[in-house]
Every structure is written in C-alpha cells, then in structure tokens.
Amino acid sequence: MSGDHGHGGSQVNSGAKGIDSHKHKDKHKDKEHRHKDHKKDKEREKIKHSNSEHKEHAEKKHRDKEKLKHGDGSADKHREKHKEKDKDKERRREEKIKSSHADKPKKEKENGYVRNTSPAVIKSEPEEDNGFYPSPENNKSFKREYDDEEFEYKPKKVKTEHDKKAKKRKHEYEEDEEDEDIKPKKKTKDRKGADGKKTKKEEEEKWKWWEEERYTDGSKWRFLEHQGPVFAPPYEPLPGKVKFYFDGKPMKLSAPAEEVATFFSKMLEHEYTTKDIFRKNFFKDWRKEMTPEEKSKITDLNKCNFSEMSEYFKAQSEARKQMSKEEKQKNKEENERLLQEYGFCIMDKHKERIGNFRIEPPGLFRGRGDHPKMGMLKRRIRPQDIIINCSKDSKHPKPPAGTKWKEVRHDNKVTWLASWTENIQGSIKYIMLNPSSRIKGEKDWQKYETARRLKKCVDRIRTQYRDDWKSKEMRIRQRAVALYFIDKLALRAGNEKEEGETADTVGCCSLRVEHIKLYPKLDEQEYVVEFDFLGKDSIRYYNKIPVEKRVFKNLQLFLENKQQEDDLFDRLNTSILNKHLQELMDGLTAKVFRTYNASITLQQQLKELSCSDDSIPAKILSYNRANRAVAILCNHQRAPPKTFEKSMQNLQTKIDEKQNQLSTARKQLKAAKAEHKASHDDKSKKTVEVKRKAVQRIEEQLMKLQVQATDREENKQIALGTSKLNYLDPRISVAWCKKSNVPIEKIYNKTQREKFAWAIDMAERDYEF
DNA sequence: CGGATAACTTAGGATATGCTAA
DNA sequence: TTAGCATATCCTAAGTTATCCG
C-alpha cells in the first residue's frame, strides 16, 4: 500500500528559483478590482455551489473573473469599508472578552494527545477554576506521564492552594519565595560566585515544563507580566548638507516627507526600486506624507534625486563597520540591556524569553514575489496602536511618557503579549514568546504527536482516498486526488487568496489548470503530471511525476471544458478538505501530512544512510543527506548564496593543499620506513610511528574536507533549516545522535537546542517516530 | 453555511556575530 | 590583528486553521 509513498528524494526535481521564480507575473494584469463586485460574485457562487453542473460551474467562474476586470477603482470605498470593519472587529472583540468567562471550552483541542477528557469532569470544575482537570486516577509521580503509544497523559494532582498563592503573590515572584517551582533557581543563585561552573549549573537546572501538567481548559496561562514592546527609534532628520533634489534643484523636505524619502533612498541599490508597481505605490504613499507645497512641487518620481541621501546612508553603514572595539562593545551592552529589560516576561512563575519584543519599524513594504503592494509605506506604530495583553494582577506595562495604549486586556485564552494592526494588509501582528518557551514547546510537541497518530492510520486513509478516486461524486474524487497530492508530494493545503491583495501563489486546493500538464507518455514513463506553479513565498514548485492511471484519468476529467485560469479542483477548498480529514482522524488537517511525511522520511533515510562505523563527519553527512531528502520533498529552496562559487573554490584549494600535504607525509613515511629497515634502531622506529600517525591525521582531515565539499555542493539550492526547525520531530534526531554517538551539538546549535530542550531531555536512543 | 478574521506556524532573506587563516 | 567568510540570529511576510458571525 505505502509502497507508492517513498519520499526518497529523487522524485522531486526542483526547478531553479530566483530569476525564473517570478515568471508568472503578468497573468492577471489588471488587479485593480473592487470589493463590491467581489462580494456579489461570491454570493452568486454560493448558489452555484449547491446545484450547478460541473461544466457550468467552470464557465461561470470564468465569466466572473472576466467581469472583475472592469472595476470602478473604488479605492476609497475600499478604505472606508476597512474602517468600518475595524470598528466592527473591535466591538466583537470586546464582546468576546466580556463573555469569555462564561465560555466553556467546546472541545479539548489544546492537547491533541489528551484524548480522554471526560465532560463530567468539566462540569464538576470548582468555582475557582484553576485550569486543570482533576484526574480521577492520580499518580504520585512528579513527572508528567506520557505514553508514546497511546498519547495519553495523566495529570498529577491539582494544587489549588499553590495557585491561589500565585495570585496573592502578585508582583513578587522573586526567586527566594518558598515555592518549590523556583527553588532550583535559588540554589543556583546561592552557588554563584562560589562555583566556577555556574553557567553549566544553571543550564542543568532549566525548568522542565514537559514534566508538568498542562492546562486543559483552553487557557494558556494564569499569570502574565511584561514590560510592553520596544518602539522603533524616532526619526532623526538628515544633516543639512545631505540634500534631496527635485528636477535638479535642491529642496528641503518636511520631516515626514524626508523620512519616507530616506526609506526609498536606502533601497536604491535594489532592483525593485526600478519596478513600476513599486515606484507607483511608493510615490502615492509618499505624497500622502508631503505638505501641500511639497505635493504641488514633487509631481514626478523620475525627477527625484535621492543619491546624496543614498550615499550618506552607505557611508553611515560603512562607518558602523569601522567602529572601534569599545564602541561596538558599548552597542552590544546597550542591546543586552534592552534585552534584559524588555526581552523577557513572567508567565506562570517562570521567566520566559520573548520572541519579538521590538515593534517593526516603519519602511517600505516589500512583499515576496510579484506583490501588488510592494513599495507601499509601512507606517510607524505608536503606543496608541498597541493592545497590551497581560494578567489583571500583574504590573501592567507603562506606555512611553505622554502616550497611551490602545487597550489593555486580560485574555488568557491567547498567547500574545501585545498586538497591533498593520496597515498594508490590515492584518494583526503579535508579540509572542520565543520557541524555547513552554507555550511554544508544548504546541510543538503536540504537533509531532498528532503526526505520529497519523502514522498509525495513514494506511487506512490512503486506502480510502484511493477508493474515492472511483466515487461517482465529483467533489469526492477531487478531494481524493487533492489529498493524494498532499500526501505524496507534501503540497500545502492552498487557501484561496484575495486577488490583488497578494502575490499570485497557490497550494494544492487552489491549483489552476495552467499549473499542471498531463503527459500520457513521457520518455519511459506513463501518466506523468508536470507541476509548475509558485507556492508560498513565490517559490517555484516544479516537478514531473508519474501517477496512477486512475489519478491521471481523474485529472483529465477535472480539466474538461476549463480555461487555463480556472481552478483545477473547482469543487474543493481547504475548509472542505480539512473537515473531511477531521472525520478521518481527530486533529488531522492537511498540514499534518507534511509533518508526518517529513518526519517519517527523516527516520527512514537515517536508517538507510547511517553506517555505524563511519567517522563522525561521515555520519553528519548522512544526517544532512537525510535532512536534505526532506527539504527537497517539502520544496525548501534557497537562492544560492552570493559567495557560493567562491566558498567552493576556497574549499577546493584547501583540499588540494591537504592532498599535497598527504603525499609529502606519505613520502616521509616511506623514507622513514626505509631508514628503519636499514638501521633497525629505536630512533628510526619511533620516526616511523610518528610519520604514520601524521599520515593518518592528514588523511582524516582530507576526508573531512571532502565530505564538507560534497555536503555544501549538494546543498547549493536547498535550505535545511526550515524542515529542521518545523517539520522534523526532534526526538528522531536526538535518538539518532545517541545511537550513533554523535554529540547533539553537531546537529543542533544553541538556539535549536533551546527550542528542542524537551526532546533532548526525553528521547532515548530507541525512540521511534 | 460561507465568508471574515484572529491566532498561530512556517518561510526565506537580511543582517549581525564571531571564528579562522593570513 | 584583521579581513573575509561561515554561521547564527533577526526580521517579518506568508501561509494554515479554528472560530466567529450574520
């Protein structure tokens, strides 16, 4: 059954990224489309969905698209609408908060692997909701018990007393409280100074959240205190000597206009400042910042000369590089101070690192790929734009002097500390914790547990979707073929996107006719499908893959009577797909397949490639190759580093040198041997040994270099980081390290070890995904 | 029920840091 | 000691998914 599902790597023939990755650009030239029409279209589509024939459906969709090309360019309407929406949002949010206390959890989703939560228990919750479900079968163990096979865990006894205390303690969570949770820290403190190895001790005593019980009521924390975000530094006007010229004449700009001009000048080197859309968007937004006089004068971007500004910033960054050691040190210390002050929060008695405590500075928006909004002004975020989230009983962060927060709320059903609405897409941005935090780690762990549950039923699911290829219902067939692609090719789900708001990219469900080509016969193979589309981040996915006859026939059917720009799966979207998946397995969604296939591939490949008597570098090469197979499967590409050729050359030079060294050493060894044969004395014997050792050492070094070269070459266009960080169950890697006697540091750097601390701590050598 | 959207994960490139060889 | 490069970290855009709401 699963024979069809090897993800060895060769099947993915990734196309070159970069230059050609944005080639689909002019497809939907006229992107000036309007909300209103769109709405109507959607309404019409509703009806369609329920009863129209497939053929009609496709045609209609197409017609609708055509229609979209004649809009009234109602940008203002659009904006107005946005405002109203914003107000609406806020109102809803308020209501939500108010009612959130009454809200009982609907589903015990928070712990995907906690499956046996009984409703009876929910009802019997005490008034003072402490967030844990009392477990009937209490265990005395301090460790959270989890069973790899069953994905259950039994919470230890709830300590209500403990929790009340926490509330009383309010602002004082000094480490010297008698609380058992923080005792270890106290010990550390005591030892400081007296013990030279204090940092090591501290690390040993890091909090093991994975040995504690989790919240099962949907709350994310009990107590949250932080300092609020760090704002972008205010704009510093240019020195008078740095001038901007319009139409050859110097012109002093007002501060707001000047600031926006500097954004542009800093990007002058980049190719995209030459792009029409970029320039158009920039100029439009820039003019909004100008005084009426400026506006009337500066009428044409082409007559603007930013070069002095550009030179000035180049010089500045050069100067920064040339800074003396002391200055650099000073900078570093300042950064460290900021980090210490704002980079941490207290969540439930533990100090946790914040991921992004700095507010995004203003600048020009650069979307990826062919983005219709590139060049627009990303406005400066002020305190009155920020919503703070913290617990009621915490010391609330202070807004900068003379300012106010937009709102301070206390919503413990979410994990963010602060949020604001960004002005380009109107989406919300958040300040959240670092991946090493409990709240992120638990979620990550849970993600892999869900994937492991998929492992257990994937055969059943595969059987089913193969069966569904034969369904008499079009929607079922489409669903089944899409799922097959998601499973076999690790495609993303592919939500619909609003045209004109973002780059034109697709995933599985949003594939269009133009993205695939069918070849009944290609070279030696039958039933080949060629994929060519831009996926997330406008990274090109290019792949030719033989599929089963039935899939092929279905695809032909789906394509009937459709235009290039019609949806391949016109009866499917991510919502339908995920609903179906949910029925197949609790917690199953499209992306779980990516996680599952990535992790299982790593495990398989490691088994296949590893050789126990390889040297460490060779083992690491094997690991990287296994990792690479996953990266190729998931299409994690990167632009070849600018210095790639050079660095390869350097490495080759080193190899050549090493080879010379080796032959010299070998000659010397030979000579020494001859010498020894002649004289048979102790001294010459020793020399032989020394020389032999030298040869061995150089051989090893050479091998290491060669391995490194291979690795680097193979990695030219492949990014390993994304899969390592997001798709590969870290316990597989940890177990492999233990089995292979490879130090974990060779696989995970410091940050990664912090993120995966839970896995490093709990996975044994025999761990199986 | 479907569209909108809040919340959160995943993503590649840019920039900073720090190590090594000259 | 420092330039040059490799690696780590930062940054924030772009996805997915569940839920909300009319």
Side-chain angles (χ1 to χ4, degrees), chain A residues 17-18 21 38-39 42-43 45-46 49-50 85-86 88-89 91-93 95-96 103 106-107 109 220 270 317 320-322 325 328 331-332 335 355-361 363 365-369 371 373-374 378 411 413-416 419 421-422 424-430 432-435 439-440 443-444 447 492-498 501-503 505-507 509-510 535-539 573-579 581-582 587 589-592 594-595 634-639 641-644 646-647 650-651 654 708 712 719 721-723 725-727 749-752:
Chain A
K17 184 196 123 174
S21 76
H38 209 72
K39 262 245 161 103
K42 279 177 181 164
E43 252 157 37
E45 245 156 304
K46 254 188 242 168
H49 259 296
S50 50
K85 251 194 249 162
D86 275 357
D88 216 43
K89 262 187 243 166
R91 193 164 28 80
R92 262 181 259 142
R93 216 179 274 143
E95 280 161 16
K96 185 175 135 199
D103 260 3
K106 282 166 190 137
K107 251 193 218 168
K109 265 288 164 51
K220 306 293 167 67
H270 262 107
S317 73
R320 226 174 320 119
K321 274 187 220 152
Q322 300 302 322
K325 239 191 233 153
K328 277 184 180 164
N331 263 333
K332 211 177 153 187
N335 269 333
N356 55 328
F357 57 91
R358 283 170 217 269
I359 299 279
E360 296 172 18
F365 176 80
R366 167 64 189 169
R368 319 241 171 114
H371 199 116
K373 298 195 171 187
M374 65 170 84
K378 232 177 86 161
D411 182 357
K413 298 278 190 283
V414 296
T415 67
W416 52 269
S419 73
T421 302
E422 152 267 356
I424 303 290
Q425 318 276 357
S427 67
I428 308 173
K429 301 258 182 155
Y430 301 92
M432 291 185 186
L433 297 193
N434 186 278
I439 214 151
K440 294 289 184 190
K443 201 79 188 298
D444 207 36
K447 172 181 76 188
R492 295 186 185 81
N495 285 302
E496 295 126 291
K497 305 168 77 188
E498 217 172 335
E501 296 290 301
T502 61
T505 63
V506 298
C509 295
S510 50
K536 183 178 181 180
D537 293 323
S538 292
I539 296 294
N573 61 39
T574 54
S575 167
I576 295 170
L577 180 65
N578 279 334
K579 247 168 228 156
L581 293 175
Q582 190 58 238
T589 64
K591 86 188 183 88
V592 178
R594 258 169 95 82
T595 312
C634 294
N635 199 40
H636 292 143
Q637 300 188 37
R638 63 168 182 177
K642 287 190 182 70
T643 53
F644 187 82
K646 183 137 199 206
S647 100
N650 289 348
L651 204 51
K654 274 193 199 167
Q708 204 185 345
R712 193 174 299 176
T722 303
S723 50
L725 239 45
N726 299 301
Y727 287 104
N749 68 29
K750 184 166 142 286
T751 314
Q752 294 165 340

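Every chain is numbered from 1 and lettered A, B, ... according to where its sequence line falls, protein lines coming before strand lines.
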Chemist: Taking only the side-chain nitrogens and oxygens of S647(A), find out if one of them lies under 4.0 Å from OP1 or OP2 of dA6(C).
Modeler: yes
Chemist: Main chain of F365(A), side chain of H371(A): is a donor-acceptor contact present, judged purely on distance under 3.5 Å?
Modeler: no
Chemist: Would T415(A) and K220(A) satisfy side-chain hydrogen bond (donor to acceptor under 3.5 Å, both in side chains), going step by step from the backbone distance to the final call?
Modeler: CA-CA 6 Å; T415(A) 67; K220(A) 306 293 167 67; 6.0 Å; no
Chemist: In whole Å, I'd like the distance from the NZ atom of K440(A) to the P atom of dT10(B).
Modeler: 10 Å
Chemist: Does the side chain of K443(A) reach to within under 4.5 Å of the side chain of K447(A), using non-hydrogen atoms?
Modeler: no
Chemist: Using modelled atom types only, decide if a donor and an acceptor are shared between the side chain of K536(A) and the backbone of V506(A) within a distance under 3.5 Å.
Modeler: no
Chemist: Keeping the roles fixed (side chain from D444(A), backbone from K440(A)), state whether a donor-acceptor pair exists under 3.5 Å.
Modeler: no
Chemist: Listing time: all N or O pairs from protein to nucleotides 19-22 of chain B that are below 3.5 Å?
Modeler:
none

Chemist: Can you tell me if the side-chain N/O atoms of K413(A) get under 4.0 Å from OP1 or OP2 in dA18(C)?
Modeler: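 The answer is no; no side-chain N or O of K413(A) sits under 4.0 Å from OP1 or OP2.
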Chemist: When you match Y430(A) and L725(A) each to their closest nucleotide on DNA chain B, which lands nearer the 5' end?
Modeler: Y430(A)
Chemist: Side-chain N or O of T415(A) less than 4.0 angstrom from OP1 or OP2 on dA7(B)?
Modeler: no
Chemist: Using whole Å, report how far CZ of R320(A) lies from C1' of dT15(B).
Modeler: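 My rounded result for the distance is 10 Å.
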Chemist: Taking Q582(A) for its side chain and G587(A) for its backbone only, find out whether a donor-acceptor pair lies under 3.5 Å.
Modeler: yes
Chemist: For dA14(B) and H270(A) - does any side-chain N or O of the residue sit under 4.0 Å from the phosphate oxygens OP1/OP2?
Modeler: yes
Chemist: In this structure, how many angstroms lie between the P atom of dT10(B) and the NE2 atom of H636(A), rounded?
Modeler: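 Distance, rounded to whole Å: 9 Å.
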Chemist: Which comes earlier along DNA chain B counting from the 5' end, the contact point of E496(A) or that of S427(A), where each point is its nearest nucleotide?
Modeler: E496(A)
Chemist: With no hydrogens and no angle check, just 3.5 Å: does a side-chain donor-acceptor pair link N495(A) and T574(A)?
Modeler: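 A pair is found: one side chain offers a donor N or O, the other an acceptor, under 3.5 Å apart.
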Chemist: Any donor and acceptor pair, going by atom type alone, linking the side chain of D537(A) with main-chain N or O of I539(A) inside 3.5 Å?
Modeler: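 Here the side-chain-to-backbone pair does not exist.
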Chemist: Roughly how many Å is it from NZ in K646(A) to P in dA6(C), rounded to a whole number?
Modeler: 10 Å
Chemist: Restricting both atoms to N or O, compile the protein contacts to nucleotides 11-17 of chain C shorter than 3.5 Å, with distance only.
Modeler:
residue, atom, partner, partner atom, Å
dA13(C), OP1, K378(A), NZ, 3.1
dA13(C), OP2, K429(A), NZ, 2.3
dA13(C), O4', R368(A), NH2, 3.4
dA14(C), OP1, R368(A), N, 2.6
dA14(C), OP1, H371(A), ND1, 3.3
dA14(C), O4', D537(A), OD1, 3.4
dG15(C), OP1, T505(A), OG1, 2.9
dG15(C), OP1, D537(A), N, 3.1
dG15(C), OP2, K497(A), NZ, 2.9
dT16(C), OP1, A493(A), N, 3.1
dT16(C), OP1, G494(A), N, 2.7
dT16(C), OP2, N495(A), N, 3.0
dT16(C), OP2, N495(A), ND2, 2.9
dT17(C), OP1, T589(A), OG1, 2.8
dT17(C), OP1, A590(A), N, 3.2
dT17(C), OP1, K591(A), N, 2.7
dT17(C), OP2, N578(A), ND2, 2.8

Chemist: Separation of F644(A) atom CZ from dA6(C) atom C1', in whole Å?
Modeler: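 From F644(A) CZ to dA6(C) C1': 13 Å.
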Chemist: Between dA16(B), dA7(B), dC5(C), which nucleotide gets closest to the side-chain atoms of N650(A)?
Modeler: dC5(C)
Chemist: For N356(A) and R358(A), indicate whether the former's side chain and the latter's backbone hold a donor-acceptor pair under 3.5 Å.
Modeler: no
Chemist: Hey, is the main chain of A590(A) close enough, under 3.5 Å, to the side chain of N578(A) for a donor-acceptor pair?
Modeler: yes
Chemist: D411(A) has an atom CG; how far is it from atom P of dA7(B), in whole Å?
Modeler: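 D411(A) atom CG is separated from dA7(B) atom P by 7 Å.
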Chemist: With a 4.0 Å cutoff (strictly under), does any side-chain N or O of K447(A) reach OP1 or OP2 of dT10(B)?
Modeler: yes
Chemist: Give the nucleotide from the list dG18(B), dC8(B), dA7(B) with an atom nearest to the side chain of K443(A).
Modeler: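 Output: dC8(B).
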Chemist: Quick one: M432(A) CE to dA6(B) P, roughly how many Å, whole number?
Modeler: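 Answer to the nearest Å: 13 Å.
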Chemist: Output the rounded distance in Å from CD1 (I428(A)) to P (dT9(B)).
Modeler: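 So the two atoms are 15 Å apart, to the nearest Å.
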